[in-house]
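Heads up: the structure comes next, in structure tokens.
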Amino acid sequence: MCQFKKEIKELFGYWPKFCDGRITDYQNTGDNLNLQIDYIDSDQDIRAVITITFIGITNQELSTYEPNSVVDELSITPGSKYKVQIDSCFGLSGIFNCQSIQVNHVNA
């Protein structure tokens with residue numbers, strides 16, 4: 001299992017889709033992309049602020065970031081590069097590839 005998925009699974013017990021998670025911070029340098037998502041699992045009453053750093057991104061096809069964008073689903077598919085897709089309820093959406101992923105979280 002990928003280390004970044006392991007950390008999130010230890011927190012929630014599963015890898016969430018981040019449905020209805022609010023993107024509270026967005027930084028895109030062209031090579032790296034940082035997303036900070038405020039996510040609540042209401043069934044388990046767990047809230048966490050998750051920072052995901054995508055390193056070595058290529059093939060970016062992202063919409064314009066809107067403050068407080070809301071995720072419908074964040075999916076990550078492994079391969080020679082990770083394929084990342086962000087489906088949104090509001091704001092930022094799109095697809096890109098990346099070399100590696102790092103995750104940090106803080107229980108809120």
Output for pair (E10 CD, K5 NZ), nearest 0.5 Å, gives 14.5 Å
Point to revise | Euclidean distance, I57 CD1 relative to S100 OG, rounded to 0.5 Å | key: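 Interatomic distance, S100 OG to I57 CD1, rounded to 0.5 Å: 11.5 Å.
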Under 3.5 Å, side-chain donor or acceptor atoms of residues 17-26 against the rest of the protein: list the pairs with distances, not counting sequence neighbours.
from	atom 1	to	atom 2	distance (Å)
R22	NH1	N68	OD1	2.5
T24	OG1	Q36	O	3.4
T24	OG1	Q36	OE1	3.0
D25	OD2	Q27	NE2	3.2
Y26	OH	N28	ND2	3.1

Would a distance-only check, ignoring hydrogens and angles, find a side-chain to backbone donor-acceptor pair under 3.5 Å from S88 to G91? yes
If hydrophobic clusters are built from ILVMFWY residues whose side chains come within less than 4.5 Å, do [X] and [Y] share one?
X: I50; Y: I46; value: yes
X: Y65; Y: F54; value: yes
X: L11; Y: I101; value: yes

Shortest non-hydrogen contact between [X] and [Y], atoms and distance:
X: C98; Y: I55; answer: CB-O, 3.5 Å
X: P67; Y: F90; answer: O-CE2, 3.7 Å
X: V103; Y: I8; answer: CG1-CD1, 3.4 Å
X: C89; Y: V71; answer: SG-O, 3.8 Å

Could K9 and W15 be counted as a cation-pi pair, given that NZ or CZ must be under 6.0 Å from the ring centre and within 45° of the axis?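 The answer is no, since K9 fails at least one limit relative to W15.
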Q44 meets the side-chain hydrogen bond (donor to acceptor under 3.5 Å, both in side chains) criterion, sequence neighbours left out, with D41
N34 meets the side-chain hydrogen bond (donor to acceptor under 3.5 Å, both in side chains) criterion, sequence neighbours left out, with T53
Worksheet item: Between L62 and L33, is a side chain to side chain contact (heavy atoms under 4.5 Å, CB included) present by the stated rule, with each step listed?
Response: CA-CA 11 Å; L62 294 171; L33 184 136; 3.6 Å; yes
Sequence neighbours excluded and cut-off under 3.5 Å, please list the side-chain donor-acceptor pairs for residues 73-87, or say none.
from	atom 1	to	atom 2	distance (Å)
K81	NZ	T58	OG1	3.4
Q85	NE2	D87	OD1	3.0

**Study point:** Side chains of L92 and E66 in contact at under 4.5 Å (non-hydrogen atoms)
**Key:**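 They are not in contact (no side-chain heavy atoms under 4.5 Å apart), so the answer is no.
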Sorted by chain and residue number, the ring pair (Phe, Tyr, Trp, His ring centres under 6.0 Å) partners of Y14 (sequence neighbours excluded) come out as none
